[in-house]
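In what follows, a single structure is set out as structure tokens and then discussed.
Fair warning: this is a prediction, and the values are worked out from it, not measured in the lab.
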Amino acid sequence: MLGEEGAEATGGGISWRREGGIAGFCDVVTVSLSGPATVASCASDPPEVRDEVELSAEQTGRLQALVDRLASFDREQSDPATADAMTITIVFVGRGAARPSNADITVIEALANEVLQAAQR
């Protein structure tokens, strides 16, 4: 999984993790500037990679713009539900100085979901 230590090696990127929900999700999507995105199952420790996805030029451009503009951050969001709660965790490694806006978080989550959907085809 992408972390602060790997920032220089990868050039920056996103690790997006989804756990819980009524369907029992446990997915980790890692998107970096250095190579293909990966989709892994966090049902095992360490997460087992299920697929690799090549980003399109447009997706790479979106990621590059985010990495160049935003500072590194971690974010966790959980549903208030108890039995079927869903937790989304984002670890972002950037080279910029800006704090992420809600719109930036939406773009990051959309990119992670695009990779996840491409892996499920």
Side-chain angles (χ1 to χ4, degrees):
M1 208 157 78
L2 187 66
E4 291 290 336
E5 318 77 51
E8 289 179 22
T10 64
I14 303 162
S15 177
W16 177 88
R17 182 179 182 121
R18 170 179 69 173
E19 288 185 81
I22 198 146
F25 292 114
C26 197
D27 301 304
V28 179
V29 176
T30 304
V31 185
S32 68
L33 292 171
S34 65
T38 61
V39 176
S41 169
C42 53
S44 62
D45 189 23
E48 180 182 338
V49 174
R50 295 190 315 240
D51 204 354
E52 291 186 345
V53 175
E54 290 293 333
L55 296 182
S56 69
E58 188 272 333
Q59 290 169 323
T60 301
R62 273 191 282 158
L63 178 60
Q64 183 73 60
L66 289 166
V67 166
D68 288 345
R69 189 169 52 78
L70 298 178
S72 297
F73 68 90
D74 294 356
R75 180 177 191 268
E76 184 174 294
Q77 180 179 354
S78 295
D79 290 339
T82 53
D84 62 349
M86 174 94 70
T87 300
I88 305 271
T89 305
I90 298 171
V91 176
F92 181 85
V93 179
R95 297 185 297 239
R99 293 175 46 105
S101 67
N102 287 338
D104 293 324
I105 298 297
T106 299
V107 170
I108 289 167
E109 290 182 334
L111 182 56
N113 277 299
E114 289 168 20
V115 169
L116 186 62
Q117 289 182 5
Q120 293 174 345
R121 289 186 192 144

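- Residues meeting the side chain to side chain donor-acceptor pair (under 3.5 Å) test with Glu109, sequence neighbours left out: none.
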Given Arg75 and Gln77, is the side-chain hydrogen bond (donor to acceptor under 3.5 Å, both in side chains) satisfied, shown in steps?
-> CA-CA 7 Å; Arg75 180 177 191 268; Gln77 180 179 354; 3.2 Å; yes
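- Residues satisfying the salt bridge (Lys or Arg N to Asp or Glu O under 4.0 Å) criterion with Glu76, sequence neighbours excluded, are absent altogether.
- Minimum interatomic distance between Thr60 and Leu55 (heavy atoms only, all atoms of both residues): OG1-CB, 3.4 Å.
- Cluster membership for Ile14 and Phe73, using ILVMFWY side-chain heavy atoms within less than 4.5 angstrom, is shared.
- When all heavy atoms are compared, the tightest approach of Val115 to Ala37 is CG1-CB, 3.7 Å.
- Here the OG atom belonging to Ser15 is positioned 9.5 Å from the CG atom belonging to Asp74, to the nearest 0.5 angstrom.
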Given Phe92 and Ile105, is the side-chain contact (heavy atoms from CB on, under 4.5 Å) satisfied, shown in steps?
-> CA-CA 10 Å; Phe92 181 85; Ile105 298 297; over 6 Å; no
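- You'll find the side chain of Ile88 stays beyond 4.5 Å of the side chain of Arg17, heavy atoms only.
- Contact annotation: the side chain of Glu19 never approaches that of Met86 to less than 4.5 Å [non-hydrogen atoms, C-beta and beyond].
- Taking each heavy atom of Ala118 and Val53 in turn, the nearest pair found is CB-CG1, 3.9 Å.
- A donor-acceptor pair under 3.5 Å links the side-chain atoms of Ser72 to the main chain of Gly94, judged by distance alone.
- Across Asn113, Val91, Val28, a single residue satisfies side chain to side chain contact (heavy atoms under 4.5 Å, CB included) together with Trp16, and that is Asn113.
- Residue Arg50 comes nearest to Cys26 through the heavy atom pair NH1-O, 4.4 Å, listed as atom of the first residue, atom of the second, then distance.
- Between Ile108 and Ile90, the closest side-chain pair of non-hydrogen atoms falls below 4.5 Å.
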Please step through side-chain contact (heavy atoms from CB on, under 4.5 Å) for the pair Thr38 and Val31, ending with a clear verdict.
-> CA-CA 7 Å; Thr38 61; Val31 185; over 6 Å; no
Asp104 and Arg99: side-chain contact (heavy atoms from CB on, under 4.5 Å), yes or no, with the steps?
-> CA-CA 9 Å; Asp104 293 324; Arg99 293 175 46 105; over 6 Å; no
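- By the salt bridge (Lys or Arg N to Asp or Glu O under 4.0 Å) test, Asp68 pairs with Arg95, sequence neighbours left out.
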Tell me, with the steps shown, if Leu63 and Leu111 meet side-chain contact (heavy atoms from CB on, under 4.5 Å).
-> CA-CA 8 Å; Leu63 178 60; Leu111 182 56; 4.1 Å; yes
